[in-house]
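All remarks here apply to the structure that follows.
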Amino acid sequence: MRSDDSSWWRQGVVYQVYPRSFADADGDGIGDLAGIASRLDYLGRLGIDAVWLSPFYPSALADGGYDVADYRDVDPRLGTLADFDALVEGLHSRGIRVVVDIVPNHTSDQHEWFRQALADGPGSPARERYLFRAGAGADGDEPPTDWVSMFGGSAWQRVPDGQWYLHNFAVEQPDLNWSHPGVRADFVETLRFWSDRGVDGFRIDVAHMLTKDLTEPLPSQATLDALPRDGRHPLLDRDDVHEVYAEWRRVFESYDPPRTAVAEAWVDKARVPLYASRESLGQAFNFDLLQADFEAGQFRRVVQDNLELAAASGSSSTWVLSNHDVVRHATRYGLPHPARSTDGQPAQKHGVEWVRSGGVEPPLDRFAGARRARAATLFMLALPGASYLYQGEELGLHEVAEIPNGERQDPTFFRSDGQDFGRDGCRVPLPWTAAGPSFGFGTGGAHLPQPGWFADYAVAVQDDDPVSTLSLYRRALELRRQFQAEEHLDWVETQNSEVLRFRRPNGWEVVTNFGAEPWPLGDGRVALASTSFGGADLPGDTTIWIAPG
Ligand code: NOJ
């Protein structure tokens, strides 16, 4: 690994592994660290700069591992700390850095702090680490407020002694009290624990939610919703959260090279630079591309806005098309564009209706979706900044809609009376082979059912096929390394509202035809195309790269 390159994160390609669904070495149906280690050649050949591991910590899996019972250990079903060390060593030996997920807004209800808080009762110091309150109503049997959790239902849960605790996500994810010095100190220790084990960076879960102002009287949900997001909102994106990150920054900088961090912060655009600045976490996710339709105007606006934002923070921009929380982009792009409100936001998460219908309505054009996904990926990989990829997208995988309700795992499904089918469809274990138990995921089953069509997408099927999506990703990442340039682009006007063209400072050019009609390309040596074609016209739903120089 080139350890001297401390700015790798600025334009790195980070591949997200959802450990329970990547590869299963011990055949229990749940992916594990040894499984990931058994696929080092695959990861090496992909050509990524870093792997981001979603939580692998001990967890009761109430929220896919984002309910952490112990921040400084490995879930026994996934392995041991020794397995973790071996994995880090294996990745590093292939020049791949390691980013781990930190989940600081909430613990699991299985965490020893929460167990102690329950055991010690109201008024105890252990309760101070969480946000316990008395209930409303004569007997205190009403929740303290009408606040709604992000996963649906009340954000408060009553415990047997009558108090209520705040959980912004699942019931099993009690929110921590970030005014508590012990909580702050413990997370610093966690950051050091993993940094000392060689971890290169951290992905910070809901980074905008840690600090809260619960001064009585607590406002209603309607009041909360109407409050400006100006740094003083009681629950979200408070200015004082950056005091936490200033302390974390000192930890990051105490290592050589400094450890990196990327914020998952769902905040107003103007406030993203606060998280991305070098005084804070240093980089922030930008989910705009992931929320945009495959449409030239939207893509151009998103790119322009986010490059400006990145410049304002001094960080690099990040780009994401898929992750473990959304319908895969191959599927989104094969569905009709979602209805949008006047501010351009989708009325609901794209693809959820289709998932709810079991993959029937509206009809999915699998072919067009996959073709557009490849075009969007090549467009993204040529942008200045870092790209985050999600496991399985390099196989062109579609979302899995056909999961029987009895086998669903996502808490959003259970907390929304079945209205929101949740995120299981992008978390189905990967197909490595076209046949065999769990398509080569492991020797046993798969913890979420894999559909028969996974056979066509298996790694083994795509490995030696020069026109497969996997081959396209490999070639794109190889060329990206060769072509990489300063963090800047210039738009080249095409006189066609469906065709975007941009040029990086060294002459690397990218053209995407978002429309259906072929576009006369005219010039340039095509170094890579998202769809193979002959002739001088760029077909619809296609991106090409033109080599620099
Ligand atoms: C964001 C994570 O990406 C998501 O998967 C999780 O459910 C929530 N944070 C709560 O931790």
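Note: hydrogens, waters and symmetry copies are ignored here, and every other heavy atom, side chains too, is used. Remember, it's 1-based here, ligands and their atoms both numbered in the order they're listed.
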Inset, instruction - Please tell me if the side chains of Ser59 and Ser108 come closer than 4.5 Å, counting only heavy atoms from C-beta onward. - result: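 When only atoms from C-beta onward are counted, Ser108 and Ser59 do not touch, as no gap falls below 4.5 Å.
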
Legend entry - Asp109 vs His167 side-chain heavy atoms within contact, under 4.5 Å: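 No; the side chains remain at least 4.5 Å from each other.
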
For [X], atoms of ligand 1 separated by under 4.0 Å from a heavy atom:
{"X": "Arg423", "answer": "4 (C), 5 (O), 6 (C), 7 (O)"}
{"X": "His106", "answer": "10 (C), 11 (O)"}
{"X": "Phe151", "answer": "7 (O)"}

Inset, instruction - Classify the side-chain pair Thr145/Trp156 by whether it contains a donor and acceptor separated by less than 3.5 Å. - result: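 Yes, because at least one side-chain N or O of Thr145 sits under 3.5 Å from a partner of the opposite role on Trp156.
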
Inset, instruction - Would you please indicate yes or no on a ring centroid separation below 6.0 angstrom for Trp178 and Phe187? - result: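 Ring-ring flag for Phe187/Trp178: true, centres closer than 6.0 Å.
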
Legend entry - Phe285 ring center within less than 6.0 Å of Trp52 ring center: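 Yes, the ring centres sit under 6.0 Å apart.
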
One residue to check: [X]. Relative to ligand 1, which of side chain, backbone, both or neither has a non-hydrogen atom less than 4.0 Å away?
{"X": "Arg203", "value": "side chain"}
{"X": "Arg427", "value": "side chain"}
{"X": "Phe285", "value": "neither"}
{"X": "Met150", "value": "neither"}

Inset, instruction - Enter the distance from Leu383:CG to Ser316:OG here, rounded to the nearest 0.5 Å. - result: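 Spacing of CG (Leu383) from OG (Ser316) equals 12.0 Å.
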
Legend entry - Straight-line distance of Asp225 CG to His233 NE2, nearest 0.5 Å: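 Asp225 CG to His233 NE2: 7.0 Å, rounded to 0.5 Å.
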
Inset, instruction - Nearest heavy atom to atom 11 (O) of ligand 1 wins, so pick from Asp205, Asn323, Thr412, Asp325. - result: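 Ranked by closest heavy atom to atom 11 (O) of ligand 1, first place is Asp205.
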
Inset, instruction - Quick one: look up the protein heavy atom nearest atom 6 (C) of ligand 1 and list residue, atom name and how far away it is. - result: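 Atom 6 (C) of ligand 1 sits closest to the protein heavy atom Asp63 OD2, 3.4 Å.
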
